[in-house]
J.: 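Below is the structure I would like to discuss, written out as structure tokens.
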Amino acid sequence: MSGLLDGNLAVVTGGASGIGEAIAKGYAKEGAHIVILDNNLEGAAAVVKEILDEGGEAWSFKLDVTNRNQCRELAGQVAEKIGQTSILVNNAGINRRNAFTADADDVTQDWDDIIGINLSGVFNVTHAFVDQLRATKGRIVNIGSIQSFLHVRTPNSPAYTTSKHGVLGFTKALAAELGKDGVRVNAIGPGLIETPLNENARANNPELIQTFMDHTPLGRTGKPEDIVGPAIFLASDMSAYVSGGIIMADGGYRTV
Ligand SMILES: NC(=O)c1ccc[n+]([C@@H]2O[C@H](COP(=O)([O-])OP(=O)(O)OC[C@H]3O[C@@H](n4cnc5c(N)ncnc54)[C@H](O)[C@@H]3O)[C@@H](O)[C@H]2O)c1
């Protein structure tokens with residue numbers, strides 16, 4: 001069987017759950033070997049088992065993306081034990097909703113944690129793997145958001161909005177710098193995708209969900225699988241002349 005990603009080694013951060021899990025499984029079906037890096041090792045190992053059971057190749061390692069030294073050590077281990085990484089998906093992320101003017105301790109903690117994981121984490125992991133990606137003429141796929149552009153209708157999340165604007169800026173900056181090495185760098189901007197990240201909002205904040213739906217022409221929330229096609233496209237030769245871009249997979253959210 002031949003797949004669009006045969007011969008690739010793909011590292012997926014946050015692949016134990018939600019969007020990262022779906023991308024890891026989707027890449028494996030297209031022939032990539034998968035490394036899942038997540039601070040939830042049990043969840044990552046369960047996804048690896050599913051991939052192996054389907055006849056794929058996969059490994060899991062525990063990683064906190066905020067730990068720069070651990071990122072470097074792991075990149076070395078992956079190269080030594082498994083091979084050179086040719087696809088990096090920077091997907092690990094968190095969200096919390098507190099207004100900037102809410103409790104000062106909460107807001108400060110949100111800022112440190114969200115910027116630390118969603119933005120500095122992307123820097124840490126990319127920096128650790130960049131030599132392998134340059135050696136393989138690799139591809140980087142960063143997970144942005146509608147909040148890479150908007151703050152209207154996405155209230156009480158200044159740190160998350162800032163982190164996802166930052167992810168888009170980082171995507172463009174790296175695309176500009178790494179193009180000469182044959183490395184392509186792009187992002188995906190998911191809309192409201194049903195994952196544990198927003199379980200609480202979906203259960204307890206119907207007004208917020210309704211606001212999302214009122215601005216989603218396709219009239220439904222997304223599933224993690226809705227992100228897999230764009231992720232395969234950006235990692236494969238089908239997008240050979242695409243770099244520095246973002247594919248929105250948001251049901252049309254930004255059109256209305
Ligand atoms: N679900 C959505 O509606 C939505 C929309 C836009 C963007 N996103 C983005 O998609 C990405 C994936 O989110 P999801 O919805 O699948 O959430 P999720 O909670 O299902 O998965 C996030 C994964 O990241 C891992 N993770 C969290 N902190 C980590 C850390 N410090 N180090 C390593 N791993 C860590 C978690 O263990 C988990 O496996 C995030 O970047 C998120 O911001 C999600």
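One-based numbering along the sequence shown.
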J.: For the residue pair N118 and V122, establish whether any side-chain heavy-atom pair is separated by less than 4.5 Å.
T.: no

J.: Quick one: does E21's side chain get under 4.5 Å of E50's, heavy atoms only?
T.: yes

J.: Is any side-chain heavy atom of S157 less than 4.5 Å from a side-chain heavy atom of Q147?
T.: yes

J.: Looking only at atom types and distance, does a side-chain atom of D112 sit under 3.5 Å from a main-chain N or O of Q109, one as donor and one as acceptor?
T.: no

J.: Given side chains that start at C-beta, do those of T162 and W111 come closer than 4.5 Å, heavy atoms only?
T.: yes

J.: Are L88 and V183 joined in one hydrophobic group, where the rule is that I, L, V, M, F, W and Y side chains link up if heavy atoms are under 4.5 Å apart?
T.: yes

J.: Tell me whether I117 shares a hydrophobic cluster with L37, the cluster being built from Ile, Leu, Val, Met, Phe, Trp, Tyr side chains joined at under 4.5 Å.
T.: yes

J.: Would one find more than 12 heavy atoms of other residues, nucleotides or ligands at under 6.0 Å from atom CG of D53?
T.: yes

J.: Would you mind reporting whether V35 and L74 have side-chain heavy atoms less than 4.5 Å apart?
T.: no

J.: Would you check if there is a donor-acceptor pair between the side chains of N198 and E194 at a distance under 3.5 Å?
T.: no

J.: Is a side-chain donor or acceptor of K164 paired with a backbone partner of I143 at a separation under 3.5 angstrom?
T.: yes

J.: State, to 0.1 Å, how close I227 and I19 come at their nearest heavy-atom pair, and which atoms those are.
T.: CG2-CG2, 3.9 Å

J.: Looking at S60 and A45, what are the two nearest heavy atoms and their distance?
T.: OG-CA, 3.7 Å

J.: Any donor-acceptor pair under 3.5 Å linking the side chain of T13 with the backbone of A92?
T.: yes

J.: Regarding E30 and S236, is there a side-chain donor-to-acceptor distance under 3.5 Å anywhere?
T.: no

J.: If only atom types and distance count, is the side chain of Y27 paired as donor or acceptor with the main-chain N or O of N8 below 3.5 Å?
T.: no

J.: Say whether V141 and I23 are linked into one hydrophobic cluster, either directly or through other cluster members, by side-chain heavy-atom distances under 4.5 angstrom.
T.: yes

J.: Rounded to the nearest 0.5 Å, what separation is found between the SG atom of C71 and the CG atom of L63?
T.: 4.5 Å

J.: Hey, is the main chain of R134 close enough, under 3.5 Å, to the side chain of K137 for a donor-acceptor pair?
T.: no

J.: Is I209 linked to I146 within one hydrophobic cluster, defined over Ile, Leu, Val, Met, Phe, Trp and Tyr using a side-chain heavy-atom separation of less than 4.5 Å?
T.: yes

J.: How long is the gap from NZ on K62 to CD1 on I36, to the nearest 0.5 Å?
T.: 14.0 Å

J.: Give, for atom OG1 of T85 and atom CG of D131, the distance between the pair rounded to the nearest 0.5 Å.
T.: 11.0 Å

J.: Are M238 and I188 connected, step by step, through hydrophobic side chains (Ile, Leu, Val, Met, Phe, Trp, Tyr) whose heavy atoms are closer than 4.5 Å?
T.: yes

J.: Are Y160 and T154 side-chain neighbours, meaning at least one heavy-atom pair lies under 4.5 Å?
T.: no

J.: Any sub-3.5 Å donor-acceptor pair from D38's side-chain atoms to N40's backbone N or O?
T.: yes

J.: Between the main-chain N or O of L9 and the side-chain N or O of H33, is there a donor-acceptor pair closer than 3.5 Å?
T.: no

J.: Nearest 0.5 angstrom please: F170 CZ to S163 OG, how far?
T.: 13.5 Å

J.: Could you tell me which non-hydrogen atom of A99 sits nearest to which non-hydrogen atom of N156, and how far apart they are?
T.: CB-OD1, 3.4 Å

J.: Could you verify whether a donor N or O on one side chain and an acceptor N or O on the other, from N90 and N142, lie under 3.5 Å apart?
T.: yes

J.: Checking D106 against N98: is there a side-chain donor and acceptor pair closer than 3.5 Å?
T.: no

J.: Run the side-chain contact (heavy atoms from CB on, under 4.5 Å) check on L192 and T216 step by step: do they pass?
T.: CA-CA 9 Å; L192 179 62; T216 303; over 6 Å; no

J.: Counting only N and O atoms by type, is there a donor-acceptor contact under 3.5 Å from the side chain of T126 to the main-chain atoms of F123?
T.: no

J.: To the nearest 0.5 Å, what is the distance between OG on S148 and CG on L168?
T.: 5.0 Å

J.: Which atoms form the tightest heavy-atom contact between G18 and P224, and what is the distance?
T.: O-CB, 3.6 Å

J.: Working note: V167 + L119, criterion side-chain contact (heavy atoms from CB on, under 4.5 Å); need CA distance, chi angles, decisive distance, verdict.
T.: CA-CA 6 Å; V167 165; L119 187 54; 4.3 Å; yes

J.: Would you say that T171 contacts I246 through its side chain, given a criterion of any heavy-atom pair below 4.5 Å between the two side chains?
T.: no

J.: Checking the side chain of R97 only, and the main-chain atoms of P155 only, is there a donor and an acceptor separated by less than 3.5 Å?
T.: yes

J.: Please evaluate residues Q210 and D214 with respect to the criterion side-chain hydrogen bond (donor to acceptor under 3.5 Å, both in side chains), reporting the C-alpha separation (whole Å), side-chain torsions for both, the decisive distance (0.1 Å), and the verdict.
T.: CA-CA 6 Å; Q210 190 55 51; D214 289 345; 2.8 Å; yes

J.: Please find the pair of heavy atoms, one from A201 and one from L208, that lie closest to each other, and give the distance.
T.: CB-CD2, 4.4 Å

J.: Go through the steps to decide whether F212 and T221 satisfy the test side-chain contact (heavy atoms from CB on, under 4.5 Å), and finish with yes or no.
T.: CA-CA 8 Å; F212 270 99; T221 53; over 6 Å; no

J.: Under 4.0 Å between a side-chain nitrogen and a carboxylate oxygen: does that hold for R96 and D113?
T.: yes

J.: From T66 OG1 over to I115 CD1, what is the distance, rounded to the nearest 0.5 angstrom?
T.: 13.0 Å

J.: Test V130 against L178 for side-chain contact (heavy atoms from CB on, under 4.5 Å), laying out the working first.
T.: CA-CA 9 Å; V130 73; L178 299 180; 4.1 Å; yes

J.: Can you confirm whether R153 sits close enough to Y253 that some side-chain heavy atom of one is under 4.5 Å from a side-chain heavy atom of the other?
T.: yes

J.: Which atoms form the tightest heavy-atom contact between Q70 and D64, and what is the distance?
T.: OE1-N, 3.4 Å

J.: Keeping the roles fixed (side chain from Q132, backbone from A75), state whether a donor-acceptor pair exists under 3.5 Å.
T.: yes

J.: Kindly check if the number of other-residue, nucleotide or ligand heavy atoms within 6.0 Å of CD (Q77) is above 12?
T.: yes

